[in-house]
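Order of the sequence lines fixes the chain letters, A, B, ..., with proteins taken first and strands second; residue numbering starts at 1 for each chain.
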Amino acid sequence: MREDGGRVTDQAEQPEPSVPELLAARRAKLDRLREQGVDPFPHAFGGVTPIGDVLPVWDHLEAGEETGHAYRVAGRLAARRGQGKMAFLDLVDRSGRLQLQARVDVLGEEPMARLLELDLGDLLGVDGEIFRSRRGELTLRVTQATVLAKSLRPPPDKHHGLTDVETRFRRRELDLMANEDARRTFITRARVIREVRGYLDEQGFIEVETPILQPLYGGALARPFVTHHNALDRDLYLRIATELYLKRCIVGGLERVYELGKDFRNEGISFKHNPEFTMVEWYEAYADYEDAMARTEAVVARVADACGYDGELDFSPPWKRVTLRDAIAERTGIDVLEHRDQAALAAAIAASDRVDLPTADRTWPQLVDDLLSHHVEPNVTDPVFLIDYPKELSPFAKDHRSEPGLVERFEAFCSGMEIANAFTELNDPDEQRRRFDAQARLAGEGDEEAQPYDEVFVQALEQGMPPTGGVGLGIDRLVMLMTGKRSIREIVLFPAMRD
RNA sequence: GCCCCUGUAGCUCAACUGGCAGAGCAGCGGACUCUUAAUCCGAAGGUUCCAGGUUCGAUUCCUGGCGGGGGCACCA
């Protein structure tokens, strides 16, 4: 379905049918239903049993065996076999697929004809009795069929489904309709979110909602989306993180808070990046990053268990803990803390035959991050905590209690991806001011990801924030791990696409 | 932003070295009371993403554009 310039048509444009004969046939049937006095779009259909609830009850039924047991089911017509005095049809709902049997001697001539005239893709409600066919298929013998909604466009191929990735992502409804795996993926996604909430709720965390439209963005190193408030005549930013507001909740005494929702980052799209993505952040008073690690392990293990994860990865606690310094040294032979300035580290990288990275125009912390992302991150399989990061990359993390120049921070990696980022939170307001000053200098030097100075946040810290451990856990990436999907587009219902 | 791959019927895919664009499913007409990718008979269905170029002739080769995928860069 393409128009001028190869652009894909969308709903907003004139719906000029590219397959007039296919659409006309469906519209003709719609008209016929109305002529017969049948409402093709009734308002409701009560008392439906999910197909998934029907199937297991009759596992024991022998081929050819009747039950006399009546059910009412509803779903989309997915297949049809036979056109004569008896036909089999497949009905699909969210929970499964059930074969229907339509017999003229049960239904009568006219209802039979109406049922057989339905198109694949039509929504259908059915009453009937369950039995097992001679060939062994659990089947509902239709006694009454009700059109619930006429489908005016052809569904994807009944056997091959829909594989074209562009259509799958742009027209997710077709993907969900055609591919059971897609339906399962998003059911798993909901399960992941439910378990994360369940864990935090049970542990006494309070779910809060903080602004998505923010006068200042902060809490992460990223470029924001900018929007405009007309009445206030000022620009606002879509949040890149919930961090600073959540810490203000901790200052206020809520003690354990979390927020699960969308963040927005104005950066590239890749198999693991979507411009809007879902993150849960939680903050816990009187805790540090060790406590945060324990919670991260616990919640991910719980999610894996609830999802019935049976892949290669081992999520069971405790996860390995490796300092960032050791992880880089193990992979590259370079001790970043032995080369504590840009020139020394650049020289060490140049001298190494295991590392091939450009060092010009890269700061020391950027080089550390390059070593991490090129030589450590891609090689991680089972989940691991990399701990104790250089201060320069972590403007909200508290200085390490024993290692000068480092902060108490961890990132959790799994399957080549970062899934969580956490600190013992910086709660010294004067030190926070110095970190903002440093960020302001970086911004002055053109760093577009530097943090803007947030005076309101610093004043909140001046009120006194208890020692606090905070975690940000990427929900999309967690869902990728649980479903084994390699692209974030598979686990975001409507991923960002060009248009 | 750069590099590589890619775009054919509603869907899934063919089309040799440049030589009349095909099949299955779906849809349409017909047969069929145990099929399950139902089967059988018949007819139909195309701006080969778009615009140029080369050529007697372009789905095929070239250039540009648009869309998609992968990679790099950036990031979580």
Side-chain angles (χ1 to χ4, degrees), chain A residues 1-9 17-26 28-29 63-64 78-90 97-106 112 117 119-121 131-139 141 153-171 174 177-178 219-223 240-241 263-279 281 358 366 369-370 373-374 377 411-413 417-421 448-449 472-478 480 486-489 497-499:
Chain A
M1 200 164 38
R2 292 164 197 284
E3 289 190 344
D4 301 346
R7 303 262 311 235
V8 173
T9 57
S18 59
V19 276
E21 68 285 354
L22 291 179
L23 303 188
R26 285 174 179 254
K29 291 181 184 178
R80 177 172 48 220
R81 295 173 291 280
Q83 290 275 6
K85 296 184 177 63
M86 189 195 66
F88 291 102
L89 307 94
D90 288 346
R97 174 183 281 247
L98 179 65
Q99 174 168 273
L100 309 177
Q101 185 195 46
R103 296 173 53 152
V104 70
D105 57 355
V106 173
M112 179 75 176
E117 208 183 65
D119 287 307
L120 298 190
F131 71 104
R132 195 172 289 281
S133 73
R134 281 176 224 159
R135 296 289 174 85
E137 177 89 6
L138 196 69
T139 306
R141 182 174 297 115
R153 288 183 177 274
D157 187 275
K158 69 177 179 182
H159 179 240
H160 296 97
L162 180 66
T163 59
D164 178 70
V165 287
E166 179 175 359
T167 310
R168 288 189 47 235
F169 297 157
R170 283 188 192 276
R171 303 285 315 279
L174 299 179
M177 198 183 293
L221 303 175
R223 292 157 68 183
I240 59 173
D263 290 338
F264 306 84
R265 297 188 184 175
N266 204 341
E267 284 162 357
I269 293 173
S270 82
F271 75 97
K272 54 180 172 177
H273 297 95
N274 197 57
E276 55 181 286
F277 64 103
T278 304
M279 177 123 95
E281 291 190 41
Q366 283 172 328
D369 198 53
D370 290 345
S373 56
H374 286 96
E377 181 173 358
E411 291 188 304
F413 291 88
M417 286 188 300
E418 182 190 342
I419 58 169
N421 181 20
E448 295 182 30
E449 291 178 352
L473 174 63
I475 294 292
D476 306 282
R477 291 181 179 181
L478 190 53
M480 288 169 70
R486 294 183 309 277
S487 169
I488 195 170
R489 294 179 170 202
M497 306 281 278
R498 285 174 208 243
D499 51 25

Span that lies between the [atom1] atom of [M] and that of [N], in whole angstrom:
N     : M     : atom1 : answer
B:A58 : B:C16 : C1'   : 16 Å
B:C74 : B:U8  : P     : 35 Å
B:A14 : B:C61 : P     : 15 Å
B:G24 : B:A15 : C1'   : 15 Å
B:G10 : B:A44 : C1'   : 14 Å
B:G64 : B:A9  : C1'   : 28 Å
B:G45 : B:A21 : C1'   : 13 Å
B:C41 : B:U54 : P     : 48 Å

Spacing between [X] atom [atom1] and [N] atom [atom2], to the nearest angstrom:
X      : N     : atom1 : atom2 : result
A:L23  : B:G27 : CG    : C1'   : 10 Å
A:D119 : B:C11 : CG    : C1'   : 15 Å
A:R141 : B:U36 : CZ    : P     : 18 Å
A:M497 : B:G70 : CE    : P     : 10 Å
A:F169 : B:G67 : CZ    : P     : 17 Å
A:H159 : B:C25 : NE2   : P     : 12 Å
A:L120 : B:U12 : CG    : P     : 16 Å
A:R81  : B:C25 : CZ    : P     : 15 Å

Check every strand shown and say whether [X] touches a base, only sugar-phosphate, or nothing at a heavy-atom separation below 4.0 Å.
X      : answer
A:N266 : nothing
A:E418 : sugar-phosphate
A:E411 : nothing
A:G474 : nothing
A:L221 : sugar-phosphate
A:S133 : base
A:E137 : base
A:G472 : nothing

Any A:H374 side-chain N or O less than 4.0 Å from OP1/OP2 of B:C72: no
Contact under 4.0 Å: A:T163 side-chain N or O vs B:C13 OP1/OP2: yes
Paired with [N] by Watson-Crick or G-U wobble geometry, both distances under 3.5 Å: which nucleotide is it?
N     : result
B:U63 : B:A51
B:A31 : B:U39
B:C2  : B:G71
B:C13 : B:G22

Aro-ring/base stack A:F277-B:A76, d under 5.5 Å, angle under 30°: yes
Non-hydrogen atoms of A:R486 and A:F271 that approach each other most closely: O-CD1, 3.1 Å
A:G82 versus A:A87, closest heavy-atom pair with distance: O-CB, 3.3 Å
Among [options], which nucleotide has an atom closest to any side-chain atom of [X]?
X      : options             : answer
A:R103 : B:G10, B:G27, B:U33 : B:U33
A:R80  : B:G27, B:A76, B:U36 : B:G27
A:V165 : B:G27, B:G24, B:G68 : B:G68
A:L22  : B:A26, B:G68, B:C34 : B:A26
A:R170 : B:G68, B:C25, B:A76 : B:G68
A:V104 : B:G24, B:U33, B:G67 : B:U33
A:E21  : B:A37, B:U36, B:G45 : B:G45
A:E166 : B:G24, B:G68, B:G27 : B:G68

Steps toward side chain to side chain contact (heavy atoms under 4.5 Å, CB included) verdict (A:E137, A:F88): CA-CA 11 Å; A:E137 177 89 6; A:F88 291 102; over 6 Å; no
Flag if over 12 foreign heavy atoms under 6.0 Å of CZ, A:R81: yes
Closest-nucleotide ordering on RNA chain B, the 5'-leading residue of A:K29 and A:D164: A:D164
5′-ward residue of the pair A:M86/A:H160 relative to RNA chain B: A:H160
Note, A:R265 side chain near A:F277 side chain (heavy atom, < 4.5 Å): yes
Minimum side-chain heavy-atom gap A:M480-A:I488 below 4.5 Å: yes
Worked verdict on A:R141 versus A:T139 for side chain to side chain contact (heavy atoms under 4.5 Å, CB included): CA-CA 6 Å; A:R141 182 174 297 115; A:T139 306; 6.0 Å; no
Pair A:N274-A:D476, side chain to side chain contact (heavy atoms under 4.5 Å, CB included): steps then yes or no: CA-CA 9 Å; A:N274 197 57; A:D476 306 282; over 6 Å; no
Of A:R171, A:M177, A:R168, the residue whose pairing with A:P156 passes side chain to side chain contact (heavy atoms under 4.5 Å, CB included): A:M177
